[in-house]
Amino acid sequence: MYVNKEEMVPLADMVLASLQRDQPEIMAENATFTVQYVSDFTTINDGVRDIEQSDSLLVTQKSVTKQLYNEADDVKKEIKLLQIIFILAGLNTSLFKRILSNIASRNIEGVLVDLKAIGQIIIDNTIILTAKGMKATTPAFLASKFVVLTDLSNQQNQLMKERKLLTDGNKANYRELYRYIKEVTTIGKIIYANTAKEDEYNIKKLVSHLHAPHRKAGTNPPPAPL
């Protein structure tokens with residue numbers, strides 16, 4: 001699975017937390033996962049963290065990304081209320097399921113496409129939607145969110161391009177860190193299959209946790225029972 005560079009350190013933090021707890025059990029299945037292995041993993045993770053903390057562009061990118069996701073989350077309530085009105089009006093509601101899914105998965109480009117499509121449907125059906133209870137402010141609210149999300153998305157994309165130029169020289173560090181993440185999660189998924197710990201070794205689920213709107217910086221998933 002592809003992991004964005006800005007996700008690498010927080011992902012490694014979560015994997016390391018599980019590895020530090022489970023290291024004796026994992027080493028019992030594969031002798032290479034020693035205490036020294038944990039130390040080496042920690043060292044490379046801290047090294048990449050130091051690189052990122054000295055990267056002012058990353059700080060700006062994270063701030064813009066947070067704003068972008070917050071703005072996207074702010075659309076959900078209005079979308080859910082509007083979906084009810086579409087149902088009452090007898091209009092197709094498939095777009096609503098898709099846009100809510102795109103918001104949850106942080107597919108902002110998809111959100112923008114869906115917002116534009118919903119806006120056009122509103123224009124074409126204003127009379128019946130108003131009759132079914134659509135607020136007079138809804139079209140303007142969605143239009144303003146489209147502008148804000150577009151602007152923040154463009155900022156994010158530009159920052160990512162600029163950072164790519166700076167981080168290309170550190171690719172080896174990121175590759176090495178991902179190697180540790182992949183090694184630990186691969187064996188962990190096998191050892192803890194069908195147990196409460198299994199998800200802690202699933203990269204896709206860990207990355208989804210990083211994207212969760214409720215997640216606070218520096219928080220990891222609750223530890224599985226010992």
Side-chain angles (χ1 to χ4, degrees), residues 1-7 10-11 14 60-161 185 189 194 196 198-217 219-222:
M1 176 181 173
Y2 178 78
V3 178
N4 293 319
K5 282 188 174 69
E6 62 268 24
E7 298 169 337
L11 175 61
M14 291 190 288
T60 305
Q61 180 185 328
K62 285 183 176 180
S63 175
V64 170
T65 299
K66 182 179 180 181
Q67 292 177 57
L68 178 62
Y69 291 167
N70 285 343
E71 289 290 345
D73 288 335
D74 196 40
V75 175
K76 285 193 295 187
K77 179 182 177 182
E78 197 73 26
I79 290 296
K80 290 178 179 179
L81 292 172
L82 188 59
Q83 183 178 20
I84 295 171
I85 294 167
F86 267 56
I87 292 171
L88 294 174
L91 297 175
N92 190 307
T93 60
S94 59
L95 268 174
F96 291 88
K97 181 178 180 180
R98 191 172 72 193
I99 191 172
L100 291 170
S101 175
N102 283 332
I103 291 171
S105 64
R106 301 316 194 190
N107 176 10
I108 302 302
E109 289 185 6
V111 172
L112 290 172
V113 170
D114 295 337
L115 275 178
K116 189 172 183 179
I118 290 171
Q120 186 59 52
I121 295 172
I122 289 174
I123 291 172
D124 295 340
N125 298 273
T126 300
I127 294 176
I128 187 172
L129 290 171
T130 301
K132 295 300 181 180
M134 182 180 74
K135 293 181 292 185
T137 56
T138 295
F141 173 83
L142 295 179
S144 67
K145 286 296 182 183
F146 181 87
V147 172
V148 171
L149 288 171
T150 298
D151 180 56
L152 288 170
S153 181
N154 288 339
Q155 288 184 51
Q156 183 193 51
N157 289 336
Q158 183 59 36
L159 287 164
M160 289 174 70
K161 289 177 182 177
T185 54
K189 276 201 300 185
N194 302 316
E198 182 177 9
D199 286 355
E200 294 185 43
Y201 294 94
N202 185 310
I203 292 179
K204 184 176 181 180
K205 291 186 177 181
L206 291 173
V207 170
S208 295
H209 176 78
L210 291 176
H211 291 173
H214 63 274
R215 181 180 184 268
K216 297 180 180 179
T219 61
N220 292 332

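None of the values given here were measured: they were computed from a predicted structure.
Taking each heavy atom of N202 and K204 in turn, the nearest pair found is OD1-N, 3.1 Å. Nearest approach of I122 to T126, heavy atoms of both residues: O-OG1, 2.7 Å. A72 and I108 get closest at one heavy-atom pair: CB-CD1, 4.0 Å. P10 approaches L210 most closely through the heavy-atom pair CB-CD2, 3.7 Å. For I87 against T93, the heavy-atom pair with the smallest separation is CG1-CG2, 3.6 Å. Contact record, L95 with A117: CD1-CB, 3.7 Å, taken as the closest heavy-atom pair.
Side-chain contact between T138 and L129 is absent, with no heavy-atom pair separated by less than 4.5 Å. Between D73 and R106 the shortest side-chain heavy-atom distance falls below 4.5 Å.
Applying the salt bridge (charged side-chain N to carboxylate O under 4.0 Å, His left out) definition to pairs two or more places apart or across chains, those involving residues 123-141 are E78-K135. Evaluation of the ring-ring contact (aromatic ring centres under 6.0 Å, His included) test over residues 96-120, restricted to residues two or more places apart or in two chains, returns F86-F96. Sorted by first and then second residue, the ring-ring contact (aromatic ring centres under 6.0 Å, His included) pairs with a member in residues 104-158 form an empty list; sequence neighbours excluded. For the salt bridge (charged side-chain N to carboxylate O under 4.0 Å, His left out) condition, no pair includes a residue of residues 79-89, sequence neighbours left out.
Annotation: side chain to side chain donor-acceptor pair (under 3.5 Å) contacts of N107 (sequence neighbours excluded): N102. Partners of Q156 by side-chain contact (heavy atoms from CB on, under 4.5 Å), not counting sequence neighbours, listed by chain and number: V64, T65, L68, Y69, M160. By the side-chain contact (heavy atoms from CB on, under 4.5 Å) test, Q67 pairs with S63, L152, sequence neighbours left out. Residues forming a salt bridge (charged side-chain N to carboxylate O under 4.0 Å, His left out) with E71 (at least two apart in sequence, or on another chain): K145. The side chain to side chain donor-acceptor pair (under 3.5 Å) test applied to T185 returns no partner, not counting sequence neighbours. When the side chain to side chain donor-acceptor pair (under 3.5 Å) test is applied to S94, the partners found at least two apart in sequence or on another chain are N92. The side chain to side chain donor-acceptor pair (under 3.5 Å) search around N154 returns none, not counting sequence neighbours. Scanning for salt bridge (charged side-chain N to carboxylate O under 4.0 Å, His left out) contacts around K205 gives D199, with sequence neighbours left out.
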Begin with the C-alpha distance, continue with both residues' side-chain angles, and end with the deciding distance and a verdict on side-chain contact (heavy atoms from CB on, under 4.5 Å) for L142 and I118. CA-CA 9 Å; L142 295 179; I118 290 171; 4.2 Å; yes

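With values rounded to the nearest 0.5 angstrom, K76 atom NZ is found 7.0 Å from I103 atom CD1. Rounded to the nearest 0.5 Å, atoms CD1 (I203) and OG (S208) are 11.5 Å apart. Taking CE from M14 and CD from E7, the interatomic distance works out to 9.0 Å, rounded to the nearest 0.5 Å. Here CD1 of I79 is found 7.0 Å from CG of L100. Values are rounded to the nearest 0.5 Å.
N157 places a side-chain N or O within donor-acceptor distance of the main-chain N or O of S153, the cut-off being under 3.5 Å.
In this structure, E109 places its CD atom where only 12 or fewer heavy-atom neighbours from other residues, nucleotides or ligands lie under 6.0 Å away.
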